[in-house]
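Side-chain atoms are counted along with the backbone in the values below, which use heavy atoms only and exclude waters and symmetry mates. Start at 1 with the first residue, then count along the sequence.
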Amino acid sequence: MWTYEYSVTASCTPQDVWACYADPSVWPEWDAEIKELTLEGPFAAGVAGTMSLHHLPPMALTVTVVLPHAEFRTETRMPDGTLIRFVYLLAAPDGGTRITHRVEIEGPAAGTEFGDSVAAPVPDTLRKLARVADARARRA
């Protein structure tokens, strides 16, 4: 299994960051790779959806774990059988929110080159997520 993890700290609460996760229409605001994310039900474990990226055809995803204000996970199965798992973790050290995204890849494409391409946007995405969540919290 190939794994990559990156963290940033936002000044807002975990609830403020969670609001950005729980509303799929907000994802393109903080993730430049995503054109659109749709879910077939509420943001909950077991819900399927489709993620449309700017540079790839739409991909099916499943939300596999939801622990409100703390953690959620999604899985996407690629046509060659490769499994891409995104793990999103929140913690609240010293009044802010530690946001961690972990990418896990299993299967035929689990090598460094593919993993690096999937993980490359994660640092910018997390920094933007922190800015969006902080700005939304200030407006609230």
Subject >> Arg102: partners by salt bridge (Lys or Arg N to Asp or Glu O under 4.0 Å), with sequence neighbours left out >> reply: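 Listed in chain order: Glu5, Glu104.
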Worksheet item: Can you name the salt bridge (Lys or Arg N to Asp or Glu O under 4.0 Å) partners of Glu106, sequence neighbours left out?
Response: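 Per chain and number, Glu106 pairs via salt bridge (Lys or Arg N to Asp or Glu O under 4.0 Å) with Arg85.
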Can you confirm whether [X] sits close enough to [Y] that some side-chain heavy atom of one is under 4.5 Å from a side-chain heavy atom of the other?
X: Val118; Y: Asp116; value: no
X: Ile99; Y: Leu90; value: yes
X: His101; Y: Val87; value: no
X: Ile84; Y: Phe114; value: yes
X: Val17; Y: Cys12; value: yes

Only counting residues at least two apart or in another chain, list the ones meeting side chain to side chain donor-acceptor pair (under 3.5 Å) with [X].
X: Ser7; result: Thr100
X: Asp23; result: Ser25
X: Thr9; result: Arg98
X: Thr13; result: Gln15, Asp16

What heavy-atom pair brings [X] and [Y] nearest, and what distance separates the two atoms?
X: Ala10; Y: Asp134; answer: CB-OD1, 3.6 Å
X: Tyr21; Y: Trp27; answer: O-NE1, 2.7 Å
X: Pro108; Y: Thr82; answer: CD-OG1, 3.4 Å

Would you say Leu89 and Phe86 are hydrophobically clustered, going by side-chain heavy atoms of ILVMFWY under 4.5 Å?
->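 No, because Leu89 and Phe86 fall into different hydrophobic clusters, even though each may have its own neighbours under 4.5 Å.
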Check your understanding: Should the pair Phe72 and Trp18 be assigned to parallel (<30°), tilted (30 to 60°) or perpendicular (>60°) ring geometry?
Key ->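 Perpendicular, since the angle between the ring planes exceeds 60°.
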Applying salt bridge (Lys or Arg N to Asp or Glu O under 4.0 Å) as the test, list every pair that has at least one member in residues 45-69; sequence neighbours left out.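 Salt bridge (Lys or Arg N to Asp or Glu O under 4.0 Å) check on residues 45-69 returns no pairs.
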Discussion item. According to salt bridge (Lys or Arg N to Asp or Glu O under 4.0 Å), does anything in residues 62-72 pair up with another residue at least two apart or in another chain? List the pairs.
Written reply: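 Listed by first then second residue: Glu71-Arg73.
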Tabulate below the donor-acceptor pairs under 3.5 Å that side-chain atoms of residues 120-131 make, not counting sequence neighbours, or state none.
residue, atom, partner, partner atom, Å
Asp124, OD1, Arg127, NH2, 2.4
Thr125, OG1, Pro121, O, 2.9
Arg127, NH1, Tyr6, OH, 3.0
Lys128, NZ, Glu29, O, 3.2

I'd like a table of donor-acceptor pairs (distance under 3.5 Å, sequence neighbours excluded) in which one partner is a side-chain atom from residues 42-61, with atom names and distances.
residue, atom, partner, partner atom, Å
His54, NE2, Ala32, O, 3.4
His55, ND1, Glu33, OE1, 3.4

Requested in this report: Apply the test side-chain contact (heavy atoms from CB on, under 4.5 Å) to residues Arg136 and Val26: give CA-CA distance (whole Å), side-chain angles for both, the deciding distance (0.1 Å), then the verdict.
Outcome: CA-CA 11 Å; Arg136 287 172 159 256; Val26 176; 3.5 Å; yes
query = For Trp2, which residues count as a ring pair (Phe, Tyr, Trp, His ring centres under 6.0 Å) partner, sequence neighbours excluded?
reply =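 Checked Trp2 against ring pair (Phe, Tyr, Trp, His ring centres under 6.0 Å); zero matches.
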Is Leu67 isolated, or which residues cluster with it under the ILVMFWY side-chain rule of less than 4.5 Å, directly or via members?
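Once heavy-atom contacts under 4.5 Å are chained together, Leu67 belongs with Val65.
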